[in-house]
Amino acid sequence: VIDAVTVTFLSIDDDSEIIKTATQPYADDKSVWCVALDADEVPNSGAVKFSITEDTVESKFTVNQAIVVELLNSGGC
């Protein structure tokens, strides 16, 4: 059983890193984890680090170029 998932959106500037704790939005499906970013939380790179805690064991991995964020229209989706 996975106890916790932490997601870090990496940045060259340590002060600009975004660290979020993932949640499980569906009580009947524990395989789905979700991370929501606030409107003012804009990742500065595509690199994302994951930390997964299962019982007392912590596993970490990083995905480079996991996301691309581009603001196309500040008034819509």
Side-chain angles (χ1 to χ4, degrees):
V1 175
I2 296 175
D3 300 312
V5 175
T6 303
V7 180
T8 304
F9 297 89
L10 300 173
S11 175
I12 293 172
D13 179 7
D14 290 342
D15 293 334
S16 295
E17 287 187 351
I18 302 168
I19 301 172
K20 303 295 272 188
T21 300
T23 60
Q24 292 179 296
Y26 307 111
D28 59 337
D29 188 350
K30 297 296 184 184
S31 68
V32 177
W33 290 82
C34 176
V35 174
L37 296 176
D38 296 331
D40 63 340
E41 294 177 314
V42 179
N44 290 322
S45 79
V48 182
K49 181 172 67 173
F50 297 87
S51 175
I52 300 170
T53 304
E54 188 172 6
D55 296 322
T56 60
V57 177
E58 183 179 30
S59 301
K60 296 180 182 183
F61 64 95
T62 301
V63 178
N64 292 318
Q65 300 304 322
I67 59 172
V68 175
V69 178
E70 182 177 347
L71 182 60
L72 297 176
N73 180 352
S74 62
C77 297

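Just the heavy atoms: all of them, side chains too, but no hydrogens, waters or symmetry mates, feed the values below.
Side-chain contact between Asn44 and Ile12: absent, with no pair of heavy atoms (C-beta onward) separated by less than 4.5 Å.
Partners of Asp55 according to the side chain to side chain donor-acceptor pair (under 3.5 Å) rule, which considers only residues two or more places apart in sequence or in another chain, do not exist here. Residues passing the side chain to side chain donor-acceptor pair (under 3.5 Å) test with Asp13 are Ser16, sequence neighbours excluded. Evaluation of the side chain to side chain donor-acceptor pair (under 3.5 Å) rule for Glu54 yields no partner, not counting sequence neighbours. Remark: Thr6 pairs with no residue by the side chain to side chain donor-acceptor pair (under 3.5 Å) rule, at least two apart or across chains. In this structure Leu10 satisfies the side chain to side chain contact (heavy atoms under 4.5 Å, CB included) test together with Thr8, Glu17, Ser45, Ala47, Lys49, Thr62, sequence neighbours excluded.
There is no path of hydrophobic side-chain contacts, each under 4.5 Å, that joins Ile52 to Ile19. Both Ile2 and Val48 belong to a single network of hydrophobic side chains, linked directly or stepwise wherever heavy atoms of I, L, V, M, F, W or Y lie under 4.5 Å apart.
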Please list, one pair per line, the donor and acceptor atoms closer than 3.5 Å that link side chains of residues 27-43 to other protein atoms, with sequence neighbours excluded.
| residue | atom | partner | partner atom | Å |
| --- | --- | --- | --- | --- |
| Asp29 | OD1 | Ser31 | N | 3.1 |
| Asp29 | OD1 | Ser31 | OG | 2.5 |
| Glu41 | OE1 | Lys20 | NZ | 3.1 |
| Glu41 | OE1 | Asp38 | N | 2.7 |
| Glu41 | OE2 | Lys20 | NZ | 3.4 |

